[in-house]
Trainee: 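Can you read through this structure? Questions will come right after.
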Amino acid sequence: MAEYTKLEKVRLEKLRQLREMGVDPYPRRVERTHTAQEAIKEFKRIEGLEDAEPIQATLVGRLRSMRPMGKITFADIEDGTEQIQLFFRADTLGEEQLDFFNQYFDLGDFVQAKGEIFRTRSGEITLSVSSFKMISKSLSPLPAAKEEVVDGEVIKYASLADPETRYRQRYADLAVNRDVRDIFRTRTSAIRAMQSFLDGQGFLEVETPILQPIYGGAAAKPFTTHHNQLKQDLYLRISFELYLKRLLVGGFERVYEIGRDFRNEGVSFKHNPEFTQIEFYWAYADYFDIMDLTEEMVAFVVDKVVGEKKLSYQGEEISFDIPWERIELREALLDRTGIDIKAHDTGVSLANAMGDLDLEFNPEESRGKLIDDLIDSCLEPTLIQPTIIYDYPREISPLAKSKKDDPQTVERFEGFVGGMELCNAFTELNDPLDQEERFLEMGRSYEEGDEERHPMDEDYLRAMRYGMPPNGGFGMGVDRFVMLLTDKHSIREVLLFPHLREKGE
RNA sequence: GGGCGUGUAGCUCAAUGGCAGAGCAGUGGCCUUUUAAGCCAUUGGUUGUGGGUUCGAUUCCCUCCACGCUCACCA
């Protein structure tokens with residue numbers, strides 16, 4: 001049972017009185033002739049015209065501000081499009097109606113108001129209300145802030161800011177903070193743009209299983225669940241890769257999926273247990289083709305969403321003009337650290353060389369893991385402008401095809417922007433015997449019982465044995481991309497309902 | 001999981017080892033073109049939780065909870 005605050009009790013009493021008067025505070029049907037945006041646009045259109053009929057409009061929206069001044073009241077309502085001012089006047093409505101509004105309507109209530117659009121002395125387009133109606137009473141006061149618009153900039157005074165409340169009660173955050181709604185509009189338009197780009201390139205959007213009997217395609221700990229009737233343990237997918245590549249065996253040449261992955265790992269400003277991923281696979285392409293397409297797609301999306309091919313992220317101007325800088329991993333590391341990874345073909349040797357760097361690492365780690373450490377600490381943070389780093393060590397890339405003249409290196413690249421890894425792609429391994437060997441290698445390198453250990457996916461190997469066309473594949477964290485597009489440092493800002501620890505009530 | 005930090009009114013924030021404050025919101029009043037409306041008055045608190053030190057703790061110490069930053073983890 002809800003415990004009501006004093007402010008809520010005041011509103012409950014108003015609600016009770018409304019009902020007593022025969023007013024339904026939650027009516028079933030609503031009238032609306034214009035959105036706020038349409039009304040304003042329509043008014044501007046006819047404003048200067050001779051003998052134009054005044055615009056009659058019925059608007060709806062949430063009460064954001066009330067300014068009673070004796071025999072008149074100004075109020076602002078906001079609908080999904082825009083905010084617009086309402087003008088209540090005793091002369092028009094009668095004092096009784098005006099008092100009724102002032103007495104029983106609160107900030108946060110949804111109202112319906114009918115009247116004529118006009119412009120006030122101070123120049124604001126306003127609805128002069130001739131009749132109005134409660135369409136949903138708000139019982140809990142929103143943590144609404146006063147706002148002032150100065151030169152088009154909205155200045156807020158003491159708005160909801162506590163991150164915990166904002167994320168736990170995202171509905172309140174959204175209701176009160178317009179800029180938060182904009183983040184999610186941007187998010188959706190970025191996803192639409194990716195779809196429209198890939199669709200235009202002849203890719204087919206598909207859906208593959210989220211509940212999987214065997215997880216794979218990435219090194220991550222999965223969430224486990226259970227199907228009762230089938231008496232079968234299932235995993236929430238950690239990537240789409242192995243299913244999408246099965247589709248290439250099936251004869252689709254270009255497929256992509258945008259959806260949720262789940263990883264049972266640490267939560268941080270850039271990790272949420274469930275996150276959105278885009279992956280595409282392109283038959284008869286290699287990683288150089290994927291590099292080109294990646295650059296085009298990212299530029300397309302940035303342009304679509306931002307309006308130009310550059311943006312500002314955490315104070316850095318980032319340009320997405322084609323082509324990106326492309327650097328071989330070995331050279332990039334040599335440049336940043338003075339270490340030539342090619343000169344060190346064992347973990348021990350590389351660990352010795354890394355000893356001179358001011359860097360913490362576990363010298364027991366494998367060569368591949370040590371190279372990964374070097375990338376994370378010496379390379380990634382320096383890559384602000386879009387950069388492609390290519391040719392990775394085989395042992396941390398079990399699904400990528402190796403280079404012809406260098407079996408320890410694979411045809412793989414990662415795209416970095418703003419000091420973050422943005423995407424990961426490679427020429428996909430399509431040799432079933434080689435793939436089986438890689439799975440076995442991987443199995444050996446993990447301890448028995450290691451949760452990241454890959455189970456052998458026999459069905460995937462069977463698919464590959466039927467023949468898989470040569471292909472290139474690509475994966476990108478959509479949330480991280482949206483962080484870039486919206487200049488947010490935390491993944492939670494770009495997730496509508498980020499995961500938070502359960503809190504006892 | 002480790003380190004650091006934060007938690008005070010519905011919201012944003014002050015303050016102090018000795019009666020816990022402001023602005024906004026709320027309530028009552030004045031006000032017919034305001035817009036962070038204004039003016040007058042006024043309500044509102046188990047200072048995250050549990051314990052300890054103390055004559056006295058919101059303040060000092062410890063436990064726990066949540067959040068933030070950071071490290072670890074993270075193909």
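Chain identifiers are assigned alphabetically (A, B, ...) following the order of the sequence lines, protein sequences preceding nucleic acid strands; residue numbering begins at 1 within each chain.
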Trainee: Name the pairs: protein N/O against N/O of nucleotides 23-32 of chain B, kept only if under 3.5 Å.
Mentor:
from	atom 1	to	atom 2	distance (Å)
B:rC24	O3'	A:K146	NZ	3.4
B:rA25	OP1	A:K146	NZ	2.8
B:rU27	OP1	A:K14	NZ	2.7
B:rC31	N3	A:G70	N	3.0
B:rC31	N4	A:G70	N	3.3
B:rU32	OP2	A:K71	N	3.1
B:rU32	O2	A:R89	NE	3.4
B:rU32	N3	A:D91	OD1	3.4
B:rU32	N3	A:D91	OD2	3.0
B:rU32	O4	A:D91	OD1	2.4
B:rU32	O4	A:D91	OD2	3.4

Trainee: Does A:R501 put a side-chain nitrogen or oxygen below 4.0 Å from OP1 or OP2 of B:rG68?
Mentor: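 So the side-chain polar atoms of A:R501 never come under 4.0 Å of the phosphate oxygens OP1 or OP2 of B:rG68.
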Trainee: Please report, rounded to the nearest Å, how far the P atom of B:rC74 is from the CD atom of A:E414.
Mentor: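 Roughly 14 Å, once rounded to whole Å.
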Trainee: Should B:rC55 form a Watson-Crick or G-U wobble pair with both distances under 3.5 Å, which nucleotide is its partner?
Mentor: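 Pair assignment: B:rC55 / B:rG18.
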Trainee: Need the pair for B:rA66. Rule: Watson-Crick or G-U wobble, both distances under 3.5 Å, any strand; none if unpaired.
Mentor: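 Pairing partner, where one exists within any strand: B:rU6.
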Trainee: Of the nucleotides B:rU34, B:rU12, B:rC69, which has the atom closest to the A:L160 side chain?
Mentor: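 Out of B:rU34, B:rU12, B:rC69, the nucleotide with an atom closest to A:L160's side chain is B:rU12.
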Trainee: May I ask you to establish whether A:R412 and A:Y392 are in a cation-pi arrangement, using a distance under 6.0 Å from NZ or CZ to the six-membered ring centre and at most 45° from the ring axis?
Mentor: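 Judged by the rule, A:R412 and A:Y392 form a cation-pi pair.
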Trainee: Taking only the C1' atom of each, what is the distance from B:rC11 to B:rA25 in whole angstrom?
Mentor: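 Their C1' atoms lie roughly 8 Å apart.
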Trainee: Tell me what A:F269 touches on the nucleic acid: a base, only sugar-phosphate, or nothing, going by heavy atoms under 4.0 Å.
Mentor: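 Answer is sugar-phosphate: A:F269 comes under 4.0 Å of backbone atoms only.
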Trainee: With the side chain counted from C-beta on, respond yes when A:I339 and A:L334 share a heavy-atom pair under 4.5 Å apart, and no when they do not.
Mentor: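 The answer is no, as the side chains (C-beta and beyond) never meet within the 4.5 Å cut-off.
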Trainee: Under 4.0 Å, heavy atoms only, any strand: does A:E124 hit a base, just the sugar-phosphate, or nothing?
Mentor: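 Touches a base.
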Trainee: With both distances under 3.5 Å as the test, what is the Watson-Crick or G-U wobble partner of B:rG1?
Mentor: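 Pair assignment: B:rG1 / B:rC71.
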Trainee: Does the side chain of A:D391 pick up a donor-acceptor pair with the side chain of A:Y287 at under 3.5 Å?
Mentor: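 A:D391 vs A:Y287: donor-acceptor pair found between side chains.
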Trainee: Which part of the nucleic acid does A:K9 contact within heavy-atom distance under 4.0 Å: base, sugar-phosphate only, or nothing?
Mentor: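 A:K9: no heavy atom of the nucleic acid under 4.0 Å.
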Trainee: Name the nucleic acid region contacted by A:S159, choosing base, sugar-phosphate or nothing; use a 4.0 angstrom heavy-atom cut-off, strictly under.
Mentor: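 Touches sugar-phosphate only.
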Trainee: Is any side-chain N of the basic residue among A:R246 and A:D457 closer than 4.0 Å to the acidic one's carboxylate O?
Mentor: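 Result for this pair is yes, salt bridge flagged.
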Trainee: Write down the distance separating the P atoms in B:rG3 and B:rC55, rounded off to the nearest Å.
Mentor: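 B:rG3 and B:rC55 have their P atoms separated by 33 Å.
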Trainee: Between B:rA75, B:rU33, B:rC11, which one does the side chain of A:P143 approach most closely?
Mentor: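 Closest nucleotide among those given: B:rC11.
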Trainee: Identify which nucleotide among B:rA75, B:rA66, B:rC74 has an atom closest to any side-chain atom of A:H271, counting heavy atoms from C-beta outward.
Mentor: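 Output: B:rC74.
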Trainee: Are side-chain heavy atoms of A:L383 and A:R336 found at a separation under 4.5 Å?
Mentor: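 The answer is yes, as the side chains (C-beta and beyond) meet within the 4.5 Å cut-off.
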Trainee: I need the CG-P distance between A:N272 and B:rG68, as an integer number of Å.
Mentor: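 My rounded result for the distance is 11 Å.
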Trainee: When rounded to the nearest Å, what value does the distance between C1' atoms of B:rU58 and B:rG17 take?
Mentor: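 Approximately 10 Å lies between the C1' atom of B:rU58 and that of B:rG17.
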Trainee: From B:rC73, B:rU34, B:rA37, pick the nucleotide closest to the side chain of A:K221?
Mentor: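 It is B:rC73.
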Trainee: What does A:E8 touch in the nucleic acid at a heavy-atom separation under 4.0 angstrom: a base, only the sugar-phosphate, or nothing?
Mentor: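 Contact class for A:E8: none.
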Trainee: Does the B:rU34 base have a donor-acceptor partner in the side chain of A:Q85 within less than 3.5 Å?
Mentor: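 Between B:rU34 and A:Q85, which were checked side chain against base, a qualifying N/O pair under 3.5 Å is present.
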Trainee: P atom, B:rG10 versus B:rC19: distance in rounded Å?
Mentor: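 To the nearest whole Å, 22 Å.
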Trainee: Could you check whether the rings of A:F87 and A:F118 sit parallel, tilted or perpendicular, using 30° and 60° as the cut-offs?
Mentor: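 The arrangement is tilted - the two ring planes meet at 30° to 60°.
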Trainee: Can you check the A:D162 CG to B:rG10 P distance for me, whole Å?
Mentor: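 It works out to 13 Å between those atoms.
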Trainee: For the pair made of CD in A:E380 and P in B:rC73, what is the distance, rounded to whole Å?
Mentor: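 It is 14 Å, rounded to the nearest whole Å.
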Trainee: Mind checking whether A:F416 and A:E380 have side chains closer than 4.5 Å, heavy atoms only?
Mentor: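 Side-chain contact under 4.5 Å: yes.
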Trainee: Are side-chain heavy atoms of A:F74 and A:L86 found at a separation under 4.5 Å?
Mentor: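 SC-SC contact between A:F74 and A:L86 ruled out.
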Trainee: Check whether the ring centres of A:Y281 and A:Y256 lie less than 6.0 Å apart, and answer yes or no.
Mentor: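 They do not qualify: ring centres at least 6.0 Å apart.
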Trainee: Between B:rG23 and B:rG44, how far apart are the two P atoms, rounded to whole Å?
Mentor: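 The answer is 16 Å between these two P atoms.
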Trainee: Identify, between A:F426 and A:A75, the residue whose nearest nucleotide on RNA chain B lies closer to the 5' end.
Mentor: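 It is A:A75 whose nearest nucleotide is closer to the 5' end.
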Trainee: What distance, rounded to whole Å, do you find between the two P atoms, one in B:rC62 and one in B:rA22?
Mentor: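 These two P atoms come out 33 Å apart once rounded.
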Trainee: Could you state the CZ-C1' distance from A:F474 to B:rA75, rounded to the nearest angstrom?
Mentor: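 Distance check: A:F474 CZ to B:rA75 C1' gives 15 Å.
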Trainee: Please report the distance, rounded to the nearest Å, between CG in A:D261 and P in B:rC74.
Mentor: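 About 17 Å, once rounded to whole Å.
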Trainee: Atom CD of A:Q277 to atom P of B:rA75: distance rounded to whole Å?
Mentor: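 Going from A:Q277 (CD) to B:rA75 (P), I get 12 Å.
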Trainee: Would you classify A:F88 as touching base, sugar-phosphate or nothing, given that sugar-phosphate means primed atoms plus P, OP1 and OP2, and contacts are heavy atoms under 4.0 Å?
Mentor: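 Answer is nothing: A:F88 stays at 4.0 Å or more from every strand.
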Trainee: Quick one, A:T294 and A:F413 - any side-chain contact, counting heavy atoms below 4.5 Å?
Mentor: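 SC-SC contact between A:T294 and A:F413 confirmed.
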Trainee: Got A:E241 and A:E428 here, is their nearest side-chain heavy-atom distance under 4.5 Å?
Mentor: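 SC-SC contact between A:E241 and A:E428 confirmed.
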Trainee: Closest to the A:K369 side chain: B:rU33, B:rC74, B:rC11?
Mentor: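 Looking only at side-chain atoms, A:K369 lies closest to B:rC74.
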Trainee: Can a donor-acceptor pair under 3.5 Å be found between the side-chain atoms of A:T120 and the base atoms of B:rU34?
Mentor: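 Counting by modelled atom types and ignoring angles, a donor-acceptor contact under 3.5 Å is found here.
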Trainee: Return the nucleotide paired to B:rU35: Watson-Crick means purine N1 to pyrimidine N3 with N6-O4 or O6-N4, wobble means G-U with N1-O2 and O6-N3, both under 3.5 Å.
Mentor: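 The base-pairing partner of B:rU35, which may sit in any strand shown, does not exist here.
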Trainee: Expressed as a whole number of Å, how far does the C1' atom of B:rU43 sit from that of B:rA9?
Mentor: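 So the two C1' atoms sit 11 Å from each other.
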Trainee: Any strand counts, and the cut-off is 3.5 Å on both contacts for Watson-Crick or G-U wobble. Which nucleotide pairs with B:rU27?
Mentor: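 When the pairing criteria are applied, B:rA41 turns out to be the nucleotide that pairs with B:rU27.
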Trainee: Expressed as a whole number of Å, how far does the P atom of B:rU16 sit from that of B:rU35?
Mentor: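 One P to the other, the span is 37 Å.
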Trainee: Between A:D373 and A:R121, which has a closest nucleotide on RNA chain B that is more 5'?
Mentor: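 Counting from the 5' end, the first nearest nucleotide belongs to A:R121.
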Trainee: Take atom CZ of A:R492 and atom P of B:rC67, then tell me their distance rounded to the nearest Å.
Mentor: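 That distance rounds to 8 Å.
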Trainee: What does A:R166 touch in the nucleic acid at a heavy-atom separation under 4.0 angstrom: a base, only the sugar-phosphate, or nothing?
Mentor: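 No contact at all - A:R166 keeps every heavy atom at 4.0 Å or more from the nucleic acid.
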Trainee: Base, sugar-phosphate alone, or nothing: which one does A:R67 contact when heavy atoms must sit under 4.0 Å apart?
Mentor: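 Answer is base: heavy atoms of A:R67 come under 4.0 Å of a base.
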